[in-house]
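For reference, the structure discussed in these notes is given below.
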Amino acid sequence: MLSTPRQLLMDLSLKISSALRLLGDNSKTEYATYQEVLRKVSEDLKKDCKSSTLIPEINVRDGGVVTHCHAALATLFIESVRGGHNASVVTSALEDLNWPADRLTETVQELESNRQLIQSRLASLGTYPPHIVDVDWKLNYRVRKGNNPLQV
Amino acid sequence: MPLTISEDHRHQLSLLITQETQVVKEFCRLATQFLKQGVNPRIFGSAANKLGVQPLQVEDAIRALVFLLSHCTQAAASKMEFQDITTSLGFTKDAVKVLTDAYTDNETDIKEYLKTMGVQTPHYRNLEWRFDILVGSRTLTHIAEPLVTLQLSLDENTARSFQAGESGTGIEERSECVKLLLQTDPNNLVHMTNVLEEALHEARTHHSRRIHRHLK
């Protein structure tokens, strides 16, 4: 059987790419802000329920740009797990977006540590027949059935 | 189990005691029809007109006859025992013979019907299986997950009373086949196989065999 080559590049939309470029830019996004976004993305992907909004102080000046960066980073994480892209593919994608080495390493490390969890979350989405996980049994000997077979 | 007929049933059957053997034979036929597919209420009316009684008395007599047949079948009464009980009710010799013939001829059918009464649990019928490999989904591409898809067919015997205009009153027995689509993975399948092997082993232990011998 011929094996098809796995995708070596990540396919990210223009919006996502530009938001990620902004997040990785030292001159435009402070390290503290980037770290907060990374922490929030990790936290949100671990949670079951809908997450609360970002810390208000970060949002006030930027008018929702930080939220876009949060969404872009979350998309990067999910898409890399969904497509089965390993760390090197993600690294080269972020290098193309001019990410500095320290932020890049930290982000990829965070992705790898959460990969299993994101994968199991994605696998649980979708419609499947009931999945059997266990079986209980009981051994009975029938002694007798009821007295009134027919009510007249 | 003692074979007893209550006073109410005796009273309901008393209509037949005074009738000719041919009438008793016809009532036996109606009783077995009542069990299998129901009887049109018009029959009660026409029979009542012929005998000069109320339709309700005819219906009660048929129901009482059905009860007599099913009660004796349930108690696994022998031919002799059935003849004794019908004689004690006051039937003539010929009528007793007709009733006994009806009892023996329909024993299998009545037993089948009685099986559908009482506590019913779905019964295993068939299991189809299919081995799949999930290679991808919308949410996860590039995977290779082995899955076993199962179609479990179950029999559910149901007996329900119905009152429909055309077909009359009666009790209908139906066997429904329920199909369940299930899935499992090879690890869980091995685990289930081991658990069910334990169940089979339990049936062969000294304890189970002793209970079985005592209950026989």
Side-chain angles (χ1 to χ4, degrees), chain A residues 1-12 45 74-90 111 114-152, chain B residues 1 8-9 12 35 60 62-71 73-75 110 113-115 117-119 134 136-143 145 147-152 161 171 180-185 187-189 191-193 195-196 198-200 202-203 205 208 211-212 214-216:
Chain A
M1 188 176 80
L2 288 175
S3 57
T4 50
R6 293 270 289 271
Q7 213 175 337
L8 298 174
L9 296 172
M10 283 192 70
D11 193 12
L12 299 168
L45 288 173
T75 307
L76 176 79
F77 276 33
I78 292 169
E79 281 298 315
S80 61
V81 174
R82 180 176 164 266
H85 300 296
N86 56 24
S88 60
V89 174
V90 179
L111 168 63
N114 287 323
R115 186 176 281 270
Q116 281 300 321
L117 183 70
I118 299 170
Q119 191 166 1
S120 63
R121 282 270 155 82
L122 288 174
S124 68
L125 294 174
T127 313
Y128 299 101
H131 196 94
I132 310 174
V133 294
D134 202 3
V135 62
D136 255 335
W137 59 269
K138 217 165 51 174
L139 185 59
N140 289 333
Y141 277 114
R142 185 181 296 174
V143 179
R144 200 183 149 148
K145 275 173 85 168
N147 266 339
N148 292 320
L150 198 67
Q151 299 298 328
V152 291
Chain B
M1 192 172 94
D8 280 341
H9 291 136
Q12 284 162 356
L35 253 184
D60 283 345
I62 291 175
R63 284 175 180 269
L65 198 52
V66 168
F67 175 78
L68 176 68
L69 291 170
S70 54
H71 185 59
T73 309
Q74 194 199 17
I110 297 174
Y113 167 73
L114 287 175
K115 273 186 197 169
M117 305 294 278
V119 177
L134 181 64
S137 69
R138 188 180 176 185
T139 51
L140 265 184
T141 59
H142 298 99
I143 47 175
E145 192 182 326
L147 291 170
V148 179
T149 306
L150 306 165
Q151 186 173 67
L152 182 62
S161 316
I171 293 153
L180 297 172
L181 187 65
L182 303 165
Q183 210 169 57
T184 188
D185 51 87
N187 285 335
N188 272 318
L189 192 58
H191 164 68
M192 282 195 293
T193 311
V195 170
L196 292 172
E198 279 172 27
L200 287 175
E202 179 65 27
T205 58
S208 292
I211 302 246
H212 191 214
H214 281 297
L215 291 173
K216 251 187 178 175

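Of all the heavy atoms in A/Leu122 and B/Leu140, the pair that sits closest is CB-CG, 3.9 Å. Between B/Ala199 and A/Trp137, the closest heavy-atom pair is CB-CD2, 3.4 Å.
Considering only heavy-atom pairs separated by less than 4.5 Å from chain B, the leading option among A/Pro130, A/Gly126, A/Ala123 is A/Pro130. Of the listed residues (B/Arg138, B/Gln183, B/Glu202, B/Glu145), the greatest number of heavy-atom pairs within a distance under 4.5 Å of chain A belongs to B/Gln183.
Of the two parts of B/Ser208, the backbone and the side chain both hold a non-hydrogen atom closer than 4.5 Å to a non-hydrogen atom of chain A. With a threshold of 4.5 angstrom between heavy atoms, B/Leu150 approaches chain A through side-chain atoms but not through N, CA, C or O. At a 4.5 Å heavy-atom cutoff, the contact between A/Leu139 and chain B is made by side-chain atoms alone. The contact between B/Asp185 and chain A is made by backbone and side chain atoms together, counting heavy-atom distances below 4.5 Å.
Counting only heavy atoms from C-beta outward, the side chains of A/His131 and B/Leu147 approach each other to under 4.5 Å.
Test B/Thr184, B/Leu196, B/Thr193 against A/Val135 for side chain to side chain contact (heavy atoms under 4.5 Å, CB included) and you get one pass: B/Leu196.
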